[in-house]
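Contents: one structure, followed by commentary.
What you see is a predicted model; the values in this text were computed from it and never measured.
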Amino acid sequence: MVWSVKERYRNGRPWVPTAAGHICRLIGVLDLVSALFPGFRHSRVHSWLGDLPGGVSTLAAVGQLTSGLLLVLLAHALRRRKRRAWRAVVVLLPTSAALHLLHRHELLTALIALVLLGLILVHRREFYAKADPRTRLRALASLLGLGGLSVLLGLLVVSVHPSSERRSYTFSQRLEHVLYGLFGIEGPVGYTSVRVADLVGYSLGALGLLTALTSAWLALRPETPEPELTAEDESCVRALLDRYGARDSLGYFALRRDKSVVFSPSGKAAIAYRVVSGVMLASGDPLGDVEAWPGAINAFMTEAREHAWVPAVVGCSETGGEIWARETGLDALELGDEAVVDTADFSLSGRAMRNVRQMVKRIERGGYVCRVRRVAELNERERQRIGDAAAQWRGTTVERGFSTALGRFGDPADDECVVVTAHKAPDEAAGEDPAGDDLKAILHFVPWGPEDISLDLMRRDRSADPGLNELLIVAALQAAQQMGVRRVSLNFAMFRSALARGERLGAGPVLRVWRGLLVFSSRWFQIESLYKFNAKFQPRWEPRFLVYPRARDLPRIGLAIMRAEAFITLELPRAARARRTTTLTPAEDVRPAV
């Protein structure tokens, strides 16, 4: 029987890898406890095994320590259906069972290990996932993480075994003994017998050897870098945007070069994504012909299934969410609303625009002027100047952005982008340097089809007067019609409908509590302030959705989104800077993560 991607996702046996992972971790913990604590007893069967020589028992204890640590480390990968983890666990489980019988005659733990072995052998087809993309950073992470864990376990091994003459050793002496022992050298701590000393020494040596071999294997194996947008993929994506780019305001952000792309079999549709924390995260709607979207979605789901990644889409439209749900059986959650302004209807006149009108006039009286241009109109010096200013005003050590940020400025391939700059001539009477830079704020838009633009980046000099953001947006909207732009997509307001309904007369207690939580969270994520800023320009609100498999996956998907947008960074700073170029910073700007 051949299942479609949708049927495979629904009819798989997720309980098998989940149960196998938990049981694997339990057996690993029992291995560690049995090896570390001399007084631990689980179940003894002396009647048919009897007592074994001390050397055999010592080696069995060391083997239990090693196998237990490996089983604990492999449990998560086994839950994710990883084929390599399955192969390793198939070898480790019978080894663990034999060691339990040799060391402590623990029949029950051995039986659990053998039952788990039978389970994963019978359901071996559930463990099909390929290995994740890898880099040399994993070797360093393994050395630091496994090395630290080995030191902690080593301290436990040194501390639980009785020392010679019940002498009390200081923590520094025990730590010194552990560090020496990891390299196979005898330390300052003495023990009551040669057998106990051998057990501690062999255990520390095994931990050190395991750390060294694992780190060396990760460092020496062929590197498979994380996939990124190739020149050929970028060319195909641009061709789709030229023909179908008007469908989605987020389409141009698929050209971020730290995203990968999967295409439909016909090549008429594509989905851009990035894998973060085991989540295959797409943003916006699929690109291309709507009729070809199901083919691209099936290719996306197949890729996710092959690697056991959690599929998710952030910021898709209502049409996109309906097609995702229909083709995959996934669920959708309304995430917020996108603010879209029709330039033909925009005007500063009227009572509703009074605050914006007054703000703009005040800033203009302060000597600020705006220039609206295509990037193609900038010379090389101006591109460099604006790019340097955007980086200087960023305000964070790591560039942020994924779903609503392009990640670069001034690239020759992006000449159709629109840049709005605010300038102020230096006031010599106030003592300002006449040779100083008059650039004070930047607004950058990417194309949204042939006749529309979408906000990418907004930054300003922190020393500039407040209100420049309003001036920049008004200047862009007023110049848009002359540039042939019909619609301008501004900021994304998360949970806008909840904020709007929660402040209305008659809102229920649950809605008011939810709004209160959102307002409280705005201290860090600017949820309410972005909504109110967007509302100033009287936009048309377009809902955006999050597509996800199960409710229990939402915390993991949320973490992946936070990492993709660089609100949470778990990488080395140098590596993060290498992967992320100029994007917006929501803490200072107003273009948030979708």
Side-chain angles (χ1 to χ4, degrees), residues 19-78 85 88-120 146 148-163 174 177-178 181-182 189 191-211 213-214:
H22 288 311
I23 298 173
C24 180
R25 184 178 290 107
L26 173 63
I27 295 172
V29 170
L30 291 175
D31 280 351
L32 291 174
V33 171
S34 180
L36 291 172
F37 297 100
F40 178 76
R41 295 291 185 271
H42 193 60
S43 174
R44 301 182 63 90
V45 192
H46 295 288
S47 58
W48 60 279
L49 277 175
D51 292 325
L52 294 169
V56 175
S57 180
T58 298
L59 293 176
V62 174
Q64 275 189 307
L65 181 65
T66 306
S67 66
L69 184 57
L70 289 173
L71 287 172
V72 170
L73 295 175
L74 289 169
H76 178 67
L78 196 66
V89 171
V90 164
V91 175
L92 287 171
L93 285 176
T95 303
S96 174
L99 291 174
H100 273 285
L101 294 176
L102 287 174
H103 182 212
R104 295 290 173 81
H105 311 167
E106 295 158 357
L107 180 59
L108 181 57
T109 306
L111 287 176
I112 294 175
L114 294 177
V115 169
L116 176 59
L117 177 63
L119 175 68
I120 63 176
L146 194 55
L149 182 60
S150 296
V151 170
L152 293 177
L153 291 176
L155 286 171
L156 192 57
V157 169
V158 170
S159 300
V160 299
H161 290 85
S163 57
R174 296 175 189 274
H177 191 90
V178 170
L182 293 177
V189 178
Y191 290 95
T192 54
S193 67
V194 174
R195 179 178 176 182
V196 174
D198 288 343
L199 176 60
V200 173
Y202 292 162
S203 298
L204 295 176
L207 290 173
L209 185 62
L210 178 62
T211 301
L213 291 178
T214 302

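A pairwise comparison of heavy atoms in Val189 and Arg174 identifies CG2-CA, 4.3 Å as the closest pair. Across Gly21 and Ala75, no two heavy atoms sit closer than the pair O-CB, 3.4 Å. Contact between Gln64 and Ser34 at its shortest, heavy atoms only, is OE1-OG, 3.3 Å.
With sequence neighbours left out, Ala197 forms a side-chain contact (heavy atoms from CB on, under 4.5 Å) with Tyr191. Every residue two or more places apart in sequence or in another chain that forms a side-chain contact (heavy atoms from CB on, under 4.5 Å) with Leu70 is listed here: Thr66, Leu92, Leu210. In this structure Ser203 satisfies the side chain to side chain donor-acceptor pair (under 3.5 Å) test with no other residue, sequence neighbours excluded. Looking at residues two or more places apart in sequence or on another chain, you find a side-chain contact (heavy atoms from CB on, under 4.5 Å) between Thr95 and Leu99. Not a single side-chain contact (heavy atoms from CB on, under 4.5 Å) links Leu152 to another residue, sequence neighbours left out.
The CD1 atom of Ile23 sits 7.0 Å away from atom CD1 of Ile27, with the distance rounded to the nearest 0.5 Å. Taking SG of Cys24 as the reference point, atom CD1 of Ile112 lies at 12.5 Å (rounded to 0.5 Å). Going from atom CG of Leu209 over to atom CG of Leu204 covers 12.5 Å, rounded to the nearest 0.5 Å. Atom CG of Leu30 is separated from atom OG of Ser96 by 8.5 Å, given to the nearest 0.5 angstrom.
Counting heavy atoms from C-beta on, the side chains of Asp31 and Val72 never come closer than 4.5 Å.
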Query raised in the report: Does the pair Leu65 and Leu32 meet the rule for a side chain to side chain contact (heavy atoms under 4.5 Å, CB included), with working shown?
Result: CA-CA 5 Å; Leu65 181 65; Leu32 291 174; 3.7 Å; yes
Requested in this report: Please test Leu78 against Arg25 for side chain to side chain contact (heavy atoms under 4.5 Å, CB included), starting from the C-alpha separation and ending with a verdict.
Outcome: CA-CA 10 Å; Leu78 196 66; Arg25 184 178 290 107; over 6 Å; no
Show the atom names and distances, to 0.1 Å, of all donor-acceptor pairs under 3.5 Å that link a side chain in residues 113-120 to residues at least two apart or in another chain.
none

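Side-chain N or O atoms of Thr211 include one that pairs as donor or acceptor with a backbone N or O of Leu207 at under 3.5 Å.
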